[in-house]
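Residue numbers count from 1 along this sequence.
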Amino acid sequence: MVEMLPMNGGVGDTSYANNSSFQVFLISILTWSIVKEAITQLYSTSFPTALTIADLGCSSGPNTFMVVSKLIKEVEDIRQQLHKNSIEYQIFLNDLHGNDFNSIFKSLPSFHENLKTHMGNGLGPCFLVGAPGSFYGRLFPGKSLHFVHSSNSLHWLSQVPEGIENNKGNIFISETSPKTVLEAYHKQFQKDFSLFLKCRAEELVAGGRMVLTISARTCEDRVNKECCYSWELLNLAVNDMVSEGIVEEEKLDSFNVPIYMPSSLEVEAEVLNEGSFIIEHLQVVRVNWNIYNNELNSDIPSNEIIDSGYNYAKCIRSVAEPLLVRHFGEDIIDELFSRYREIINDHMSKENIENISFTISLTKK
């Protein structure tokens with residue numbers, strides 16, 4: 001999975017950089033108060049002279065710079081209010097080896113310039129480093145991190161669960177999936193999330209903070225549409241192409257998406273079982289699929305309403321295309337997402353659909 005899961009790089013029409021408004025809305029508006037509280041508490045109780053921050057699952061777009069800038073601004077505001085000396089910042093930007101780190105590095109000069117412009121000459125040096133690798137393993141030296149942030153990444157598993165060959169006709173968990181498939185996905189999540197916590201516990205200093213935003217579900221039913229709907233509708237599009245002979249049935253039957261949306265109880269259970277962290281806060285976050293017409297564009301005239309199905313389909317495409325291309329090939333992708341767009345628009349016209357996430361704030365014991 002290390003080679004299969006990077007987002008679409010570059011700055012093209014289907015790139016992650018140009019199709020991550022959901023993530024921006026989550027980070028900058030819905031979850032920021034929790035992140036702000038965590039970084040504020042961290043600095044105010046320890047006053048480090050050098051602050052080390054890691055953004056896990058940074059991808060290739062501008063979102064990671066937005067996160068880093070906002071974190072630095074919060075610390076600088078407190079530092080100046082308390083008349084503390086300037087501090088050094090060490091920022092690690094992590095994603096898989098195949099991530100488009102070049103896009104990130106090309107943006108570094110403008111990032112540094114913006115920091116100087118908005119924060120003045122009192123700002124200490126800021127060093128940014130790319131840290132390629134899976135976060136389901138060690139990435140940094142022991143006790144080297146003060147703050148860890150990750151948004152919309154931890155629902156991706158380290159691999160497709162074993163023993164789900166009987167999930168015929170599905171690309172993910174669905175109502176027709178055998179119970180053994182549901183259990184296999186859950187066990188893979190338990191294994192991965194427990195390992196993630198163990199690795200971060202070794203890398204964080206005592207009292208270090210971690211804020212994670214995870215695609216999730218509020219119910220205990222693992223087949224509920226609030227956690228499976230995006231993939232269920234994509235599954236409909238693939239099955240339509242199978243019925244028309246465009247995609248081989250064997251190709252569909254041998255493909256499963258390596259993701260899992262946990263419940264709050266499942267997340268809390270793994271944190272307690274691992275034992276290295278205290279849960280400070282856990283908040284449910286909901287984002288309507290119609291975000292482009294509602295939260296982001298509330299003032300646009302009705303005759304100029306953006307095609308939300310098109311935008312949501314592009315959002316999923318920017319995330320899932322590398323995985324789909326590797327299995328099905330490039331030839332079907334445009335047709336697949338054209339059908340996906342139509343299916344999404346049809347369902348959005350009939351019901352209100354939301355994405356569910358948890359933001360959990362943790363302190364290293």
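Look at Arg339 and Glu342 and you find no salt bridge, because none of the NZ, NE, NH1 or NH2 atoms lies under 4.0 Å from a carboxylate O. Salt bridge status for Glu183 with Arg222: present, with a side-chain N to carboxylate O gap under 4.0 Å. A salt bridge does not link Glu113 to Lys116: none of the charged nitrogens lies less than 4.0 Å from a carboxylate oxygen. A salt bridge is absent between Arg209 and Glu37; no separation between the charged side-chain nitrogens and carboxylate oxygens falls under 4.0 Å. Salt-bridge check for Lys70 with Glu74: failed, with every basic side-chain N at 4.0 Å or more from each acidic carboxylate O.
In this pair, Phe135 and Phe196 present their aromatic rings perpendicular. The plane angle is above 60°, beyond the 30 to 60° band. Below 30°, between 30° and 60°, or above 60°: for Tyr340 and Phe337 the angle between ring planes is above 60°, a perpendicular geometry. Ring geometry, Tyr185 versus Phe172: the interplanar angle exceeds 60°, so the pair is classed perpendicular (tilted spans 30 to 60°).
Atoms CD and CD1, on Gln283 and Ile360 in that order, are 12.0 Å from each other to the nearest 0.5 Å. Separating the CG atom in Asn355 from the SG atom in Cys315 is a distance of 8.0 Å, to the nearest 0.5 Å. Atom CD1 of residue Ile344 and atom NE2 of residue His347 lie 9.5 Å apart, to the nearest 0.5 angstrom. Taking CD1 of Ile259 as the reference point, atom OG of Ser215 lies at 8.0 Å (rounded to 0.5 Å). Note: Arg341 CZ to Lys314 NZ = 9.5 Å, rounded to the nearest 0.5 Å. Note that the CG atom of Leu282 and the OG atom of Ser361 stand 9.5 Å from one another [nearest 0.5 Å].
No side-chain donor-acceptor contact under 3.5 Å links Asp192 to the backbone of Leu157.
Summarising the geometry of Asn167 relative to Ser177, their closest heavy-atom pair is OD1-OG, 2.7 Å, with the distance given to 0.1 Å. The two atoms that bring Ile72 and Cys126 nearest to each other are CD1-SG, 3.8 Å, heavy atoms only. Here the closest non-hydrogen pair linking Tyr136 and Phe193 is CE2-N, 4.4 Å. Contact between Cys58 and Ile104 at its shortest, heavy atoms only, is SG-CD1, 3.7 Å. When all heavy atoms of Leu96 and Ser134 are compared, the pair lying nearest together is CD2-CA, 3.9 Å. Of all heavy-atom pairs between Lys251 and Val247, the closest is CB-CG1, 4.2 Å.
Residues Tyr89 and Glu76 have side chains that bring a donor and an acceptor to within less than 3.5 angstrom of each other. If you check the side chains of Ser254 and His327, you find a donor sitting under 3.5 Å from an acceptor. No side-chain N or O of Glu270 forms a donor-acceptor pair with one of Ser194 less than 3.5 Å apart. Checked by atom type, the side-chain pair Thr176/Asn170 shows a donor-acceptor distance below 3.5 Å.
No option in Asn94, Asp95, Asp55 other than Asp55 meets the side-chain hydrogen bond (donor to acceptor under 3.5 Å, both in side chains) test with Thr64. A side-chain contact (heavy atoms from CB on, under 4.5 Å) with Ile91 holds for exactly one of Val129, Thr52, Leu128; it is Leu128.
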Hey, mind stepping through Arg217 and Ser263 against side-chain contact (heavy atoms from CB on, under 4.5 Å) and telling me if it holds?
CA-CA 5 Å; Arg217 65 184 197 276; Ser263 69; 4.0 Å; yes
Candidate pair Leu252 and Met241, rule side-chain contact (heavy atoms from CB on, under 4.5 Å), full reasoning
CA-CA 10 Å; Leu252 169 59; Met241 297 177 74; over 6 Å; no
Between Val211 and Ile34, is a side-chain contact (heavy atoms from CB on, under 4.5 Å) present by the stated rule, with each step listed?
CA-CA 8 Å; Val211 180; Ile34 298 175; 4.2 Å; yes
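Not counting sequence neighbours, Phe101 has no partner by the ring pair (Phe, Tyr, Trp, His ring centres under 6.0 Å) test.
Residues Tyr43 and Phe147 keep their aromatic ring centres 6.0 Å or farther apart.
Annotation: side chain of Arg317 is not in contact with side chain of Leu336 (no heavy-atom distance under 4.5 Å). Counting heavy atoms from C-beta outward, Val257 and Trp156 have side chains that approach closer than 4.5 Å. Side-chain contact between Asn235 and Ser174 is absent, with no heavy-atom pair separated by less than 4.5 Å.
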